[in-house]
Amino acid sequence: MSTSCPNCGLRYNCVCPRIPQLQVDAHIALLMHENELDRDTNTGQWVSKSLTTSSQHVWQRKQACPELIALLQDPKWMPVLLFPSEESVSVANIQQSSQQNARKPLFIILDATWQEAKKMLRKSPWLAQLPAVHVTPSQASRYQLRRNQNEGHLCTLEVAAEVIRELGDNQSAQQLNDFLNHYMTVFKADKSGHAYQPDR
């Protein structure tokens, strides 16, 4: 009987050889709601495994992650929160500001459902103090692994890919999206108990 891959978690369709290895001119810090740790549909894990310039942190209501706080306080980074609002600005604006200040952008992405992300922001004053940025998606979400997806919302990997695209690295953004498309296909096969067989 086959066992699940310890890295990607799939039993019949290991995707590890397909995970892209990318480096972008920014740091992406994923702040995960603890519920995401147990969700096999989580896509933030693939951002962390694909980007050498990324980190993963678990959100806690009473105490901010020390490693993330250290990043926020590091003068070489210009931290911003990826969260659309009336006050948020585009990624392109942040990139221009970072170049003027000789500081690289540090994008904090809330890895959670939309409802959980709003709760995280509401209960974390230190997050709410950060400048907010938004992406302008180049295409509708293709994510299909969760029910009740709100129209216009992107999964975490798609958000990261849009950030990278708006930074000007279309090739890396496309590699992330291509991986997501492959993963969704083989994930469904894996959950059905068999290896993916492409149509011939």
Side-chain angles (χ1 to χ4, degrees), residues 18-33 36-37 42-60 63-112 114 116-118 120-121 123-139 141 143 153-180:
R18 300 284 293 266
I19 300 173
Q21 295 301 301
L22 309 171
Q23 186 169 357
V24 299
D25 199 25
H27 187 95
I28 292 181
L30 299 179
L31 185 57
M32 299 178 66
H33 192 282
E36 290 294 330
L37 296 172
N42 173 270
T43 63
Q45 61 179 316
W46 308 118
V47 177
S48 297
K49 290 177 170 129
S50 298
L51 291 179
T52 57
T53 49
S54 68
S55 56
Q56 207 167 21
H57 314 272
V58 178
W59 177 79
Q60 293 182 331
Q63 182 179 2
C65 172
E67 291 81 9
L68 181 55
I69 294 300
L71 279 173
L72 297 178
Q73 295 174 344
D74 189 328
K76 74 178 180 182
W77 300 115
M78 188 174 75
V80 293
L81 176 67
L82 205 298
F83 199 90
S85 68
E86 293 182 359
E87 294 79 27
S88 62
V89 300
S90 69
V91 169
N93 283 353
I94 291 300
Q95 185 181 30
Q96 184 178 13
S97 298
S98 72
Q99 291 170 346
Q100 292 172 348
N101 297 326
R103 300 167 66 198
K104 291 186 177 183
L106 165 64
F107 295 98
I108 299 174
I109 298 177
L110 303 183
D111 189 12
W114 183 244
E116 289 167 348
K118 290 191 288 187
M120 291 164 68
L121 184 59
K123 293 184 175 293
S124 302
W126 62 275
L127 273 178
Q129 293 172 1
L130 295 172
V133 299
H134 61 260
V135 294
T136 303
S138 57
Q139 60 187 14
S141 175
Y143 186 58
H153 289 180
L154 305 178
C155 72
T156 300
L157 183 146
E158 290 173 321
V159 171
E162 287 296 334
V163 168
I164 293 169
R165 182 185 65 82
E166 293 188 21
L167 288 174
D169 191 346
N170 291 320
Q171 183 176 1
S172 293
Q174 189 60 51
Q175 285 182 262
L176 274 179
N177 282 319
D178 288 346
F179 173 80
L180 178 63

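Every heavy atom of this structure was used, including side-chain atoms; hydrogens, water molecules and symmetry mates were not. Only a predicted model underlies this, so the values are computations on that prediction, with no experimental measurement involved.
- Expressed to the nearest 0.5 Å, how far CD of Q23 lies from OG of S54 amounts to 10.5 Å.
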Assess whether side-chain contact (heavy atoms from CB on, under 4.5 Å) is satisfied between I109 and T156, documenting all intermediate values. CA-CA 8 Å; I109 298 177; T156 300; 4.1 Å; yes
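- The shortest distance between side-chain heavy atoms of I69 and W126 falls below 4.5 Å.
- K49 pairs by the salt bridge (Lys or Arg N to Asp or Glu O under 4.0 Å) definition with nothing, not counting sequence neighbours.
- For the atom pair OG of S98 and CG of L106, the computed distance is 11.5 Å after rounding to the nearest 0.5 Å.
- For the atom pair L121 CG and W59 CH2, the distance stands at 10.0 Å (nearest 0.5 Å).
- Closest heavy-atom contact between L176 and L157: O-CD2, 3.5 Å.
- Listed for the Q56 side chain is no donor-acceptor partner under 3.5 Å among the backbone atoms of L30.
- Note that the CZ atom of R165 and the OG atom of S138 stand 4.0 Å from one another [nearest 0.5 Å].
- The closest donor-acceptor contact from the side chain of R103 to the backbone of P75 lies under 3.5 Å.
- Looking at every heavy atom in both residues, M120 comes nearest to L110 through CE-CD2, 4.0 Å.
- In this structure the side chain of M78 reaches within 4.5 angstrom of the side chain of S97, judged on heavy atoms.
- Of all non-hydrogen atoms in A161 and A173, the two that sit nearest each other are O-CB, 3.2 Å.
- One distance of note links CG of D169 with CD of Q174; it measures 11.5 Å at 0.5 Å rounding.
- Contact annotation: the side chain of L167 never approaches that of D25 to less than 4.5 Å [non-hydrogen atoms, C-beta and beyond].
- Counting heavy atoms from C-beta outward, I164 and L51 have side chains that approach closer than 4.5 Å.
- Heavy atoms only, all atoms of each residue included: I108 and L31 are closest at CG2-CB, 4.3 Å.
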Taking it one step at a time, do Q21 and T52 satisfy side chain to side chain donor-acceptor pair (under 3.5 Å)? CA-CA 7 Å; Q21 295 301 301; T52 57; over 6 Å; no
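- Remark: side-chain polar atoms of E166 are paired, donor with acceptor, to backbone N or O of T136 under 3.5 angstrom.
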side-chain contact (heavy atoms from CB on, under 4.5 Å), that's the test. Do L22 and F179 meet it? Break it down for me. CA-CA 12 Å; L22 309 171; F179 173 80; over 6 Å; no
Any chance you could lay out the side-chain contact (heavy atoms from CB on, under 4.5 Å) test for F83 and L127, step after step, and finish with the verdict? CA-CA 10 Å; F83 199 90; L127 273 178; over 6 Å; no
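- In terms of heavy-atom proximity, E36 sits nearest to D111 at CG-O, 3.2 Å.
- Side-chain contact between L154 and Y143 is absent, with no heavy-atom pair separated by less than 4.5 Å.
- The minimum heavy-atom distance between A160 and I28, with the atom names listed, is CB-CD1, 4.1 Å.
- In terms of modelled atom types and a separation under 3.5 Å, the side chain of T53 and the main chain of A26 share a donor-acceptor contact.
- Annotation: salt bridge (Lys or Arg N to Asp or Glu O under 4.0 Å) contacts of D178 (sequence neighbours excluded): none.
- From N42, atom CG reaches atom CE of M32 across 4.5 Å, with rounding to the nearest 0.5 Å.
- Annotation: ring-ring contact (aromatic ring centres under 6.0 Å, His included) contacts of H27 (sequence neighbours excluded): W77.
- None of V47, T43, L180 except one satisfies the side chain to side chain contact (heavy atoms under 4.5 Å, CB included) rule with E158; the exception is L180.
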